[in-house]
Amino acid sequence: METKIFRISSIFENPDALQQAADILAGGGLVAFPTETVYGLGADGLNEEAVRAVYRAKGRPGDNPLILHICDTEMLSLLARQVPEQAIRLGLEFWPGPLTMVLPKTARVPDAVSGGLDTVAIRFPDNLIARELIRRSGRPIAAPSANLSGSPSPTTAQHCIDDLMGRIEAIVDGGPCGVGLESTVVSLTGEVPTVLRPGGITVEELQRVLGQVQVDPAVTRPVEEGKRVSSPGMKYKHYAPKARVVLVDAGREAFVRYVNERKGEGIFALCFSEDSSALQAPAVCYGGRAKPEEQAQGLFGALRQLDDLGAQLVFAHCPSKDGVGLAVYNRLLRAAAFEVVTL
């Protein structure tokens with residue numbers, strides 16, 4: 001399959017290319033496109049055949065639900081049969097933005113989107129190119145991250161090219177993503193709003209709007225065998241480079257000592273910028289220790305860089321576990337398949 005590349009830095013720059021990409025989506029094709037979080041692999045979210053093509057292109061398990069992206073709140077009534085007052089409050093505060101809400105779905109939402117569940121995950125992205133693609137296609141767009149399933153999520157068009165060239169119809173190059181991690185996912189289908197996946201909207205921010213908010217145990221622990229999940233990023237090993245990753249929960253001196261004692265061929269450190277000068281093993285930095293937003297923006301690129309460098313074993317310095325740090329920690333836990341050393 002030939003994959004077209006459309007380079008669009010703004011919705012005013014290349015309207016013909018935007019329309020071509022939107023026409024591909026409307027015709028049942030697949031288009032990778034930028035959002036403020038990561039690049040998404042888009043398909044017509046109401047076309048079951050197109051949605052199934054997303055799973056095939058990514059090599060994604062069929063019970064891992066997708067997020068539907070909308071360009072205005074009027075689309076909500078197409079997709080959600082109930083919009084509780086909590087959803088309205090969150091939408092007023094955080095939409096458009098990196099927040100996904102899980103709500104009861106309407107009959108129009110294909111089972112392929114929801115992983116066979118009676119719920120649907122919906123997001124209103126804060127990226128003008130993404131919203132214009134949705135508007136021009138006239139459909140909600142189902143869009144997981146535009147990468148091969150399990151590998152680090154793409155934050156540039158080049159990452160999409162590396163993973164999906166020849167597998168999909170088009171890639172829209174809209175520049176690097178600002179947030180760098182996938183959206184926060186909160187379920188509003190139970191008695192207490194529940195964070196299923198942390199992201200750029202923190203648990204603390206959700207609590208400020210809603211009061212009581214709980215965090216699903218699967219954010220920091222493996223999902224129980226056989227359990228069905230209602231959000232992407234909960235069930236499988238995700239975000240991982242080819243190397244084995246071990247997450248090291250330690251202070252700076254202990255982390256540096258641990259890595260230096262184990263240095264050898266193919267062994268790398270994934271570290272904070274403050275660590276690198278003391279490390280004797282080759283290192284890739286993913287941000288400053290006290291800068292979780294910088295860590296979020298740099299993490300997936302750093303994981304891909306480790307592949308480019310031929311890393312075989314990676315010792316990753318554990319981030320904080322609050323605020324945006326919880327989202328970074330969640331991604332590293334899954335990249336490490338929950339292999340953690342605590343010092």
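Keep in mind that this is a model prediction, so the values were computed, not measured. Reckoned from all heavy atoms, side chains included, excluding hydrogens, waters and symmetry mates.
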Please list every donor-acceptor pair under 3.5 Å in which a side-chain atom of residues 75-87 meets a protein atom from a residue at least two apart or in another chain.
from	atom 1	to	atom 2	distance (Å)
S77	OG	E74	O	3.2
R81	NH1	K105	O	2.7
R81	NH1	D118	OD1	3.2
R81	NH1	D118	OD2	3.3
R81	NH2	D118	OD2	2.7
E85	OE1	R89	NH1	3.2

task: Give a yes or no on whether a salt bridge exists between E132 and R135, defined as a side-chain N under 4.0 angstrom from a carboxylate O.
output: yes

field: Inter-residue atom distance F33.CZ - I134.CD1, 0.5 Å rounding
entry: 5.5 Å

query: If you draw a 6.0 Å radius around CD in E253, do more than 12 non-hydrogen atoms from other residues or ligands fall strictly inside?
result: no

message: Quick test of your reading of the model: are R123 and E182 salt-bridged, counting only N-O distances below 4.0 Å?
response: no

- prompt: Are the side chains of P15 and R136 in touch, meaning some heavy atoms are under 4.5 Å apart?
  reply: yes

Flag side-chain contact, heavy atom, 4.5 Å: L333 against N330: no

field: Pairing of R131 and D126 as salt bridge, 4.0 angstrom limit
entry: yes

- prompt: How many angstroms lie between OG in S9 and CD1 in I129, if you round to the nearest 0.5 Å?
  reply: 7.0 Å

query: Would you call E204-R208 a salt bridge at under 4.0 Å N-O?
result: no

query: Counting distance only, does the side-chain N/O of E169 pair as donor-acceptor with the main-chain N or O of L30 below 3.5 Å?
result: yes

- request: Evaluate the side chain to side chain contact (heavy atoms under 4.5 Å, CB included) criterion for residues V192 and V213: first the C-alpha distance (whole Å), next the side-chain angles of each, then the deciding distance (0.1 Å), finally the verdict.
  value: CA-CA 6 Å; V192 179; V213 174; 5.7 Å; no

field: Step-by-step side chain to side chain contact (heavy atoms under 4.5 Å, CB included) determination, L326 to T202
entry: CA-CA 8 Å; L326 178 65; T202 67; over 6 Å; no

message: So does R244 get a backbone contact from the side chain of Q312, meaning a donor-acceptor N/O pair under 3.5 Å?
response: no

- request: Could you tell me whether the side chain of Y39 and the main chain of Q158 form a donor-acceptor pair under 3.5 Å?
  value: no

message: Checking S183 against T100 for the side-chain hydrogen bond (donor to acceptor under 3.5 Å, both in side chains) test, could you report, in this order, the C-alpha distance in whole Å, the side-chain angles of both residues, the deciding distance, and whether it holds?
response: CA-CA 6 Å; S183 61; T100 295; 2.8 Å; yes

query: For the residue pair I24 and F6, what are the closest heavy atoms and their distance?
result: CD1-CE1, 4.3 Å

query: Of the non-hydrogen atoms in R252 and E274, which two are nearest, and what is the gap between them?
result: NE-O, 2.8 Å

query: Are any of the side-chain heavy atoms of L188 and P193 separated by less than 4.5 Å?
result: yes

Donor-acceptor under 3.5 Å (K58 side chain, N147 main chain): yes

field: R304 side-chain N/O to L299 backbone N/O, donor-acceptor pair under 3.5 Å
entry: no

Proximity of Y286 and F272 rings by center, below 6.0 Å: yes

message: I'd like to know whether T220 forms a side chain to side chain contact (heavy atoms under 4.5 Å, CB included) with K321, so could you lay out the CA-CA distance, the side-chain angles of the two residues, the decisive distance to 0.1 Å, and finally the verdict.
response: CA-CA 10 Å; T220 55; K321 300 165 191 173; over 6 Å; no

message: Are V246 and L309 linked, directly or through intermediate hydrophobic residues, by side-chain heavy-atom contacts shorter than 4.5 Å (ILVMFWY only)?
response: no

More than 12 heavy atoms from other groups under 6.0 Å of CD on E191: no

task: Keeping the roles fixed (side chain from R60, backbone from P65), state whether a donor-acceptor pair exists under 3.5 Å.
output: yes

message: When you measure from the side chain of D249 to the backbone of C318, do you find a donor-acceptor pair of N or O atoms at a distance under 3.5 Å?
response: no

message: Given 3.5 Å as the limit, does a donor-acceptor pair link the side chain of T119 with the main chain of V102, or not?
response: no

- prompt: Does T3 reach the main-chain N or O of I168 with its side chain, forming a donor-acceptor pair under 3.5 Å?
  reply: yes

query: Tell me, do D44 and S137 make a side-chain contact under 4.5 Å, heavy atoms counted?
result: no

task: Identify whether L181 and L247 are in the same connected component of the hydrophobic contact network (ILVMFWY, side-chain heavy atoms under 4.5 Å).
output: yes

message: Quick check for you: to the nearest 0.5 Å, what is the distance between S273 atom OG and R289 atom CZ?
response: 11.0 Å

message: To check you understand the geometry: which heavy-atom pair defines the closest contact between H69 and I67, and what is its length?
response: ND1-O, 3.3 Å

task: Consider only side-chain heavy atoms of I, L, V, M, F, W and Y, link residues closer than 4.5 Å, and tell whether Y329 and F255 are in one cluster.
output: no

message: Once rounded to the nearest 0.5 Å, what's the spacing between atom CG of L103 and atom OG of S187?
response: 8.0 Å

task: Please confirm whether the backbone N or O of G288 pairs with a side-chain atom of Q295, one donor and one acceptor, at under 3.5 Å?
output: yes

field: Residues forming a salt bridge (charged side-chain N to carboxylate O under 4.0 Å, His left out) with R262, sequence neighbours excluded
entry: none

- request: Can you see which heavy atom on A281 is nearest to which on V259, and at what distance?
  value: CB-CG1, 3.8 Å

- request: Check whether any side-chain heavy atom of L164 sits under 4.5 Å from a side-chain heavy atom of L41, and report yes or no.
  value: yes

- request: Please answer: with hydrophobic residues joined when any side-chain heavy atoms are less than 4.5 Å apart, are L128 and V31 in the same cluster?
  value: yes

- request: I would like to know whether L92 and I88 meet side chain to side chain contact (heavy atoms under 4.5 Å, CB included); could you show each step before the answer?
  value: CA-CA 6 Å; L92 288 170; I88 294 169; 4.1 Å; yes

query: Atom CD in E205, atom CZ in F94: separation rounded to 0.5 Å?
result: 5.0 Å

message: As an exercise, state the distance from CG of L133 to CD1 of I8, rounded to the nearest 0.5 Å.
response: 6.5 Å

Closest heavy-atom pair and its distance - G45, L68: CA-CD2, 3.6 Å

message: When you group the ILVMFWY residues by side-chain heavy-atom contacts below 4.5 Å and let the links chain together, are V256 and V314 in the same group?
response: no

field: For P152 against L303, the heavy-atom pair lying closest together
entry: CG-CB, 3.7 Å

task: Report yes if some heavy atom in the side chain of L99 is under 4.5 Å from a heavy atom in the side chain of L206; otherwise report no.
output: yes

field: Heavy atoms of other groups near E49 CD, more than 12 under 6.0 Å
entry: no

field: Pairwise side-chain contact, F315 with V341, heavy-atom cut-off 4.5 Å (strictly under)
entry: no

